[in-house]
Amino acid sequence: MPVPRVRTLFYLAPVLSVLAASPVLAESLPAPDGIVLNARGHGWVLADENGQTLYIYAKDQRGGAPVCEGGCARDWPPLIAPENAEFGPDWSIVTRESGEHQWAFRGKPLYRYALDNAPGDMNGDDFQQLWSVAVKPITVPPAFGIFKTSRGHLLVDQRNMTLYSSDADSASESKCNESCTRDWRPVEAFWLAKPPAEDWSIV
């Protein structure tokens, strides 16, 4: 049986940094009026038009009616959608007990957090391990993932092992060869592998 040919795949931190800093890329992503996508290295954090971070609730079922009502909704105000709201892929509207319409992202209703005092605050993230910041993640190749830690998000392989990049590398060439690869093992891609998005390439 022939051995598959492989080539080396590195994730390019400089490219991801450009993505995180580029308002053009963020603006090219469709979002309803009143919702803003703030770019980060691992994706885009959802916020309202005033910059208040948006959250999702673990007890909400995708596509179902919101379960955060009453006192819960005082601490976690729902993001209400206008009557004539238009939406498309990733975005939908769910109906609350009051009959109001609430924005949902990929089927999960969106909320603000009452204790976020300024735009960009994320004081509700991981609250009671039920609330998390609503994020549109970057596209990653199969068997790669984004792992959340207390210090931020990491790019990982299928074993959840952290992936690294080197400032010595260029966008088309790896400078880590021979003895270097004993400490820093390249992440290999099969010969027919195709990068899933512009943030990825094969060197």
Side-chain angles (χ1 to χ4, degrees), residues 11 13 15-23 25-27 29-81 87 89-94 96 100-140 144-165 197 199:
Y11 89 93
V15 175
L16 291 178
S17 296
V18 170
L19 174 120
S22 173
L25 288 176
E27 290 170 2
L29 298 171
D33 290 340
I35 298 178
V36 178
L37 301 178
N38 294 318
R40 300 291 187 270
H42 62 291
W44 293 265
V45 171
L46 276 58
D48 68 11
E49 58 190 349
N50 297 316
Q52 295 294 115
T53 301
L54 299 176
Y55 299 84
I56 57 174
Y57 187 33
K59 292 186 178 181
D60 282 334
Q61 300 298 313
R62 293 188 186 277
V67 299
C68 181
E69 298 280 359
C72 174
R74 287 192 292 272
D75 293 332
W76 301 91
L79 184 65
I80 300 301
F87 52 91
D90 287 338
W91 308 95
S92 58
I93 290 174
V94 293
R96 299 185 59 77
E100 291 181 299
H101 294 154
Q102 180 177 353
W103 280 117
F105 177 69
R106 296 184 176 176
K108 296 285 281 188
L110 296 172
Y111 304 83
R112 304 176 182 90
Y113 183 41
L115 296 184
D116 281 346
N117 298 313
D121 282 355
M122 299 182 185
N123 298 318
D125 196 24
D126 285 334
F127 183 76
Q128 296 182 341
Q129 297 183 326
L130 291 172
W131 294 89
S132 56
V133 171
V135 175
K136 180 181 177 67
I138 61 171
T139 301
V140 296
F144 287 73
I146 299 170
F147 188 79
K148 185 177 182 180
T149 74
S150 60
R151 295 190 175 187
H153 293 76
L154 300 174
L155 194 62
V156 297
D157 66 10
Q158 64 269 31
R159 297 176 299 153
N160 282 339
M161 299 296 289
T162 303
L163 301 178
Y164 297 84
S165 66
D199 307 309

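The chain is numbered in sequence order, starting from 1.
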Taking the six-membered ring for Trp, is the centroid-to-centroid distance between Y55 and W76 below 6.0 Å? yes

Could you walk me through whether D48 and W103 satisfy the side chain to side chain contact (heavy atoms under 4.5 Å, CB included) test, starting with their C-alpha distance in whole Å, then the side-chain angles of each, then the deciding distance to 0.1 Å, before giving a yes or no? CA-CA 11 Å; D48 68 11; W103 280 117; over 6 Å; no

Only counting residues at least two apart or in another chain, list the ones meeting side chain to side chain contact (heavy atoms under 4.5 Å, CB included) with D121. D116, N117, A118, N123

Looking only at atom types and distance, does a side-chain atom of K136 sit under 3.5 Å from a main-chain N or O of G43, one as donor and one as acceptor? no

Using 0.5 Å steps for rounding, measure from the CG atom of L110 to the CD atom of Q102. 7.0 Å

Between NE2 on residue H101 and CD1 on residue I80, distance to nearest 0.5 Å: 9.5 Å

Check W91 against L46 and note the closest heavy-atom contact, atom names and distance. CH2-CD2, 3.6 Å

Heavy-atom check, side chain of L54 versus side chain of Y113, under 4.5 Å: no

Listed by chain and number, what are the side chain to side chain contact (heavy atoms under 4.5 Å, CB included) partners of P137, not counting sequence neighbours? R106, I146

Which heavy atom of C72 sits nearest a heavy atom of W131, and at what distance? SG-CZ2, 3.9 Å

Determine the minimum heavy-atom distance between Y111 and P66, stating which atoms define it. OH-CB, 3.4 Å

So Y57 and V67, do their side chains get closer than 4.5 Å, heavy atoms only? yes

Can you pull the salt bridge (charged side-chain N to carboxylate O under 4.0 Å, His left out) pairs that have at least one residue in residues 49-58, sequence neighbours excluded? none

For a quick test of your reading: what N or O donor-acceptor pairs under 3.5 Å do the side chains of residues 156-163 make, sequence neighbours left out?
| from | atom 1 | to | atom 2 | distance (Å) |
| --- | --- | --- | --- | --- |
| D157 | OD1 | R159 | N | 2.9 |
| D157 | OD1 | N160 | N | 3.2 |
| D157 | OD1 | M161 | N | 2.9 |

Shortest non-hydrogen contact from A114 toward P77: N-CD, 4.1 Å

Residue set satisfying side chain to side chain contact (heavy atoms under 4.5 Å, CB included) with A104, at least two apart, ordered chain then number -> S92, V94

Between CH2 on residue W44 and CD1 on residue I35, distance to nearest 0.5 Å: 16.0 Å

Heavy-atom distance under 4.5 Å between the side chains of K148 and D125, does that happen here? yes

Which atom pair, heavy atoms only, marks the closest approach of C68 to A73? SG-N, 3.6 Å

Scan for salt bridge (charged side-chain N to carboxylate O under 4.0 Å, His left out) pairs involving residues 57-74, sequence neighbours excluded, and state none if there are none. E69-R96

